[in-house]
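Only heavy atoms go into these numbers, but all of them, side chains included; no hydrogens, no water, no symmetry mates. Here the structure is a predicted model, which is why all the values come from computation and not from measurement. Every chain is numbered from 1 and lettered A, B, ... according to where its sequence line falls, protein lines coming before strand lines.
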Amino acid sequence: MIGLYIHIPFCLSKCPYCDFYSVQYSRRAAQEYAEAVIRNIRHYSKKYDTVYFGGGTPVLLYEYIGKILKAADITGNAEVTVEANPCAVTPDIAKRLASAGVNRVSLGVQSMNRNELSFLGRRHTPAQVQAAFTNLNAAGIGNISADMMIGLPGQNESSISGTASALKEYGAKHISAYILKIEENTPFARQDISLPDDDRTADLYLFTVRELAGLGFAQYEVSNFSIPGYECRHNLKYWRCKEYIGIGAAAHSYYKGRRFSVPPDIGAFTASDIQQTSVTDENPGGWEEYAMLKLRLTEGITFDEAGRFGKADELRRNAAKLPPELVNITKNGVNLTAEGFPVSNAVIGRIIY
Amino acid sequence: MSDKNYLDEIRNFCIIAHIDHGKSTLADRILEQTSTVAARDMEEQLLDNMELERERGITIKARAVRLNYKADDGNTYVFNLIDTPGHVDFNYEVSRSLNACEGAILIVDASQGIEAQTLANTYLAVEQDLEVVPVINKIDLPSAHPDEVKAEIEDVIGIPADDAPLISAKMGINIKEVMEKIVSAIPAPKGDPDAPLKALIFDSYYDSYKGVIVYVRVKEGSVRAGDRIRMMATKAEFQVVEVGYMGATELVPAEELRAGEVGYIAASIKSIGDTKVGDTVTRCDMPADEPLAGYRSVNPMVFSGVYPADGSKYGDLRDALEKLRLNDASLTFEPETSIALGLGFRCGFLGLLHMEIIQERLEREYNLDLITTAPSVVYKIDRMSGETIFIDNPMNFPDPSEIKQAYEPMVEAHVYAPSDYVGNIMELCQQRRGVFKDMKYIDKTRVDLHYDLPLNEIVYDFFDALKSRTRGYASYDYEFKGFVPSKLVKLDILLNGDIVDALSFIVFADSAYPRARKITERLKEHIPRQLFEVPVQAAVGGKIIARETIKAMRKDVLAKCYGGDITRKKKLLEKQKEGKKRMRQLGSVEVPQEAFMAVLKLDDE
């Protein structure tokens with residue numbers, strides 16, 4: 001069974017830190033886009049056990065989500081996630097999403113601190129976050145994830161702890177906590193923003209990990225935490241090197257043994273019958289890729305898995321050279337510790353090279 | 001053939017100029033005026049034919065070219081223009097080039113006046129009885145003050161400059177006047193073509209078809225293809241295959257070379273070591289009694305370990321060094337092994353510039369990534385055993401208990417600068433353990449400061465420091481003086497507790513502490529944070545005298561892996577893989593090449 005990712009590249013406004021592909025929302029463009037998505041779903045004609053509407057702001061297309069899902073062959077227990085802005089989740093929209101078949105919503109909360117929200121250019125207020133949780137729960141969608149951000153200018157432990165405990169209180173089952181990174185070609189990159197230094201950011205990250213653990217959210221990936229049993233099944237496919245089809249402008253796929261992507265061009269996507277793709281990796285699934293993705297998870301890599309690539313000894317040898325506070329070596333395999341995750345690029349690099 | 005008149009129509013001359021004062025540009029203009037080079041072959045600064053020379057605007061090795069000039073008197077003259085290197089490292093080569101000439105054109109920048117190197121070379125020219133023809137260049141610049149410059153030339157060098165041509169080589173102004181001056185002011189060569197052959201070697205280079213091509217000035221006698229010749233210093237003998245002249249773009253074979261002429265000899269010579277600059281070529285059938293005066297063998301002054309960044313390129317590095325040595329007899333190298341850097345070579349250079357040029361050529365022309373260790377000079381050591389050794393590699397520095405007396409090389413240095421900067425210069429020279437000898441005013445505003453300086457104090461960054469203290473106005477030159485007793489110690493650098501042999505160096509005992517502090521600071525700056533804390537220590541004889549700590553890395557993560565787009569992560573991994581190639585694994589510590597470079601430049605401002 002494979003995953004289906006649908007990229008909805010529309011936003012009402014662009015957040016200053018975001019470098020994902022998106023364009024200004026218009027009703028007409030959205031309708032044409034949804035039709036193109038449906039054409040592509042029919043084209044690939046696969047059965048899916050996870051569906052993820054990402055963006056952009058996919059909730060803007062709430063009218064079409066039902067139609068899109070109807071076009072797809074989805075298993076009965078499929079996980080169907082839609083990303084949404086807290087302020088977009090009105091009681092009505094929450095109900096429409098639920099009746100369309102959506103059973104998981106990922107809210108772009110980012111913070112429950114007004115100053116931080118305003119710095120991030122978010123349109124919502126802390127009160128609207130609470131309302132979104134209420135509306136979703138009322139509509140029967142209890143599996144709610146929230147994004148939060150770490151490493152904002154001036155951020156301290158108490159603001160992180162405030163955001164985390166509010167999310168817990170509202171009933172979040174899953175939290176994605178990302179370290180803010182200033183991406184090239186974003187408004188933030190053009191401003192003179194002074195982020196906390198690496199040491200401080202790492203401290204805030206580790207504080208977040210501990211704080212969330214205390215609230216019952218177990219870390220399962222570098223930036224992802226959940227009440228046990230509520231891990232995002234769709235995203236786990238990425239990290240476990242499983243196949244998925246991506247539909248939409250700028251969507252990425254790993255399908256039939258190749259990784260490919262659709263050009264970031266809405267016009268081209270809607271104009272074409274079937275989306276044009278270009279291969280980004282002709283021969284994926286090698287050791288380096290597998291290790292790089294698997295080591296992002298707390299489950300890590302087992303020696304059995306490494307053995308399939310003939311790398312079990314190398315894994316053991318390289319991991320043993322690293323400081324023990326950064327990696328766990330068990331009798332079954334290797335995984336990064338919470339301290340290892342904030343330096344995971346370097347750690348993974350030393351494990352695979 | 002004994003037509004003595006041919007000598008009257010030859011002019012052998014060189015051009016003396018400070019870097020950037022327009023030597024190569026004037027040479028180009030002269031080439032144009034004599035139509036030696038077809039317009040389509042005319043590339044800017046033709047005479048400097050190495051890419052690096054063009055970029056740095058300096059002449060590394062002497063070149064020569066023969067030109068025909070039809071003068072106003074109706075006669076056609078043969079001009080032999082011999083180019084000279086313009087840097088202190090190549091002093092000896094300059095003196096040999098000058099020796100091949102009867103005259104020198106002295107180019108002085110109309111806005112900047114005389115600079116140290118120009119002065120040093122002009123004095124060399126005057127010493128060798130060359131007729132010096134001053135030319136004032138860049139008169140098109142708004143800041144030009146030719147009258148003051150003329151007065152300066154008269155004051156400082158003591159030659160009349162009143163009728164010096166005022167030119168702009170760049171704009172092509174008054175070049176003709178320079179040509180006529182060459183005819184009228186520079187004497188024709190003398191010599192007897194029937195006498196035993198005495199030809200001065202002033203340059204040589206390796207040609208893969210013809211073997212070593214030797215550039216000579218024939219002082220006496222003549223030489224032609226088929227002659228058996230002998231190099232009087234190296235005693236090597238060869239059969240001449242071809243002689244000829246240096247055209248602007250190619251060699252032009254000729255029947256013979258006669259006294260007074262400048263040309264080349266090809267004799268299937270395999271090794272450039274047999275054709276030392278300054279040596280005298282004679283004919284075996286009619287040998288000269290004694291060689292021309294002034295030959296000396298040139299010894300490297302500065303040594304450094306040169307290692308391939310990628311250990312597997314050791315063979316390539318060896319090949320490249322061998323090829324470079326074909327054209328540069330002053331470059332020496334021998335294999336060396338470092339625990340930290342693996343297999344490499346200990347290379348000897350004439351000076352720091354020479355070292356930089358060789359390194360750049362290795363990197364650029366042979367596509368090698370290099371790691372270079374701190375340059376060292378040669379130290380002399382009397383051992384307790386009574387034996388005297390010379391050390392150019394800190395790794396071989398004996399245990400202090402075995403040293404009876406250590407000596408370091410001293411140079412006699414002259415710094416030329418506007419008098420405003422005397423205080424700054426003296427302070428610098430003092431810091432560098434200089435011994436003040438005297439100070440002369442060369443004119444109203446400029447001084448010549450004469451110091452004895454330990455070579456190892458000027459080998460690292462003296463010129464940079466001098467320039468930054470004088471806003472770039474100072475220049476200097478030096479000459480080796482001799483070895484003097486000194487207190488020397490070996491300074492070791494430890495990373496994570498392990499000595500990195502490639503970072504060790506020999507230092508004056510009293511400078512060990514500040515140097516150690518500086519180096520540990522530099523290394524801390526240039527070694528990226530590792531996954532664990534790394535102590536950087538400096539030690540003398542096992543005693544730690546400085547320490548810095550590189551904190552453990554805390555953040556290096558891609559937080560997001562969005563929508564299954566892993567391309568960014570892959571790129572990052574690729575970059576890491578590439579980055580790793582530029583790193584040296586020293587024990588458990590990864591050290592970038594830049595860190596080795598950083599310790600080379602330690603301006604102590």
Undergrad: Applying the side chain to side chain contact (heavy atoms under 4.5 Å, CB included) criterion to B:V557, which one of A:T201, A:V343, A:I179, A:V347 satisfies it?
TA: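 For B:V557, the side chain to side chain contact (heavy atoms under 4.5 Å, CB included) check succeeds only for A:I179.
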Undergrad: Would you mind checking which part of A:V222 comes under 4.5 Å of any heavy atom in chain B, side chain (CB onward), backbone (N, CA, C, O), both or neither?
TA: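 Side chain of A:V222 only, per the 4.5 Å heavy-atom cut-off to chain B.
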Undergrad: Any side-chain hydrogen bond (donor to acceptor under 3.5 Å, both in side chains) pairs touching residues 334-353 of chain A, not counting sequence neighbours?
TA: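 Listed by first then second residue: A:E288-A:Y353, A:N345-B:D556, A:R350-B:E590.
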Undergrad: Chain B heavy atoms under 4.5 Å from A:L326: which part of the residue, side chain, backbone, both or neither?
TA: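 Only the side chain of A:L326 comes within 4.5 Å of chain B.
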Undergrad: For B:K570, look at atom NZ and say whether over 12 heavy atoms of other residues, nucleotides or ligands are found less than 6.0 Å away.
TA: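 Enclosed.
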Undergrad: Around B:I544, counting heavy atoms of other residues, nucleotides and ligands shown, do more than 12 lie under 6.0 Å from its CD1?
TA: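 Yes, because the 6.0 Å sphere around CD1 of B:I544 holds more than 12 heavy atoms from other groups.
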Undergrad: Between A:Y244 (side chain) and B:G564 (backbone), is there a donor-acceptor pair under 3.5 Å?
TA: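 Indeed, once roles are kept as given, a pair shorter than 3.5 Å links the two residues.
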Undergrad: Where on A:D281 is there a heavy atom nearer than 4.5 Å to chain B: the side chain, the backbone, both, or neither?
TA: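 Only the side chain of A:D281 comes within 4.5 Å of chain B.
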Undergrad: Closer than 4.0 angstrom, basic N to acidic O: yes or no for B:K551 and A:D199?
TA: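 So B:K551 pairs with A:D199 through a salt bridge.
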Undergrad: With rounding to the nearest 0.5 angstrom, report the CD1 to CD distance, B:I566 to A:E289.
TA: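 Result: 4.0 Å between the selected atoms.
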Undergrad: Verify side-chain contact (heavy atoms from CB on, under 4.5 Å) between B:L573 and A:I352, making sure each step is shown before the conclusion.
TA: CA-CA 10 Å; B:L573 275 185; A:I352 60 184; 3.8 Å; yes
Undergrad: Under 6.0 Å from the NZ atom of B:K313, do we count more than 12 heavy atoms belonging to anything else shown?
TA: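 No, NZ of B:K313 has 12 or fewer neighbouring heavy atoms, counting only those of other groups under 6.0 Å.
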Undergrad: Only pairs of heavy atoms separated by less than 4.5 Å count here; which of A:A346, A:G349, A:S223 has the most with chain B?
TA: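 Winner by heavy-atom pair count: A:A346.
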Undergrad: Ion pair present between B:K555 and A:D203, side-chain N to carboxylate O less than 4.0 angstrom?
TA: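 No, this pair does not count.
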Undergrad: Which residues, numbered in order, of residues 527-537 of chain B come under 4.5 angstrom of chain A by heavy-atom distance?
TA: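 The residues closer than 4.5 Å to chain A, in numerical order, are B:R529, B:L531, B:F532.
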Undergrad: Tell me, yes or no, whether the heavy-atom count around B:Q585 atom CD, taken from other residues, nucleotides or ligands under 6.0 Å, exceeds 12.
TA: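 Count over threshold, so yes.
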Undergrad: Are the side chains of B:R554 and A:R200 in contact, using a 4.5 Å heavy-atom criterion?
TA: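 No, their side chains stay 4.5 Å or more apart.
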Undergrad: Side chain from CB out, backbone as N, CA, C, O: work out which of these in A:Y205 comes under 4.5 Å of a heavy atom of chain B, or both, or neither.
TA: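 For A:Y205, no heavy atom lies under 4.5 Å from chain B.
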Undergrad: What's the separation between atom OH in A:Y5 and atom CG in B:D565, rounded to the nearest 0.5 Å?
TA: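 Taking OH in A:Y5 and CG in B:D565, the distance rounds to 9.5 Å.
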Undergrad: If I measure from the heavy atoms of chain B, does A:I150 come under 4.5 Å with its side chain, its backbone, both, or neither?
TA: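 Contact with chain B involves no heavy atom of A:I150 at all.
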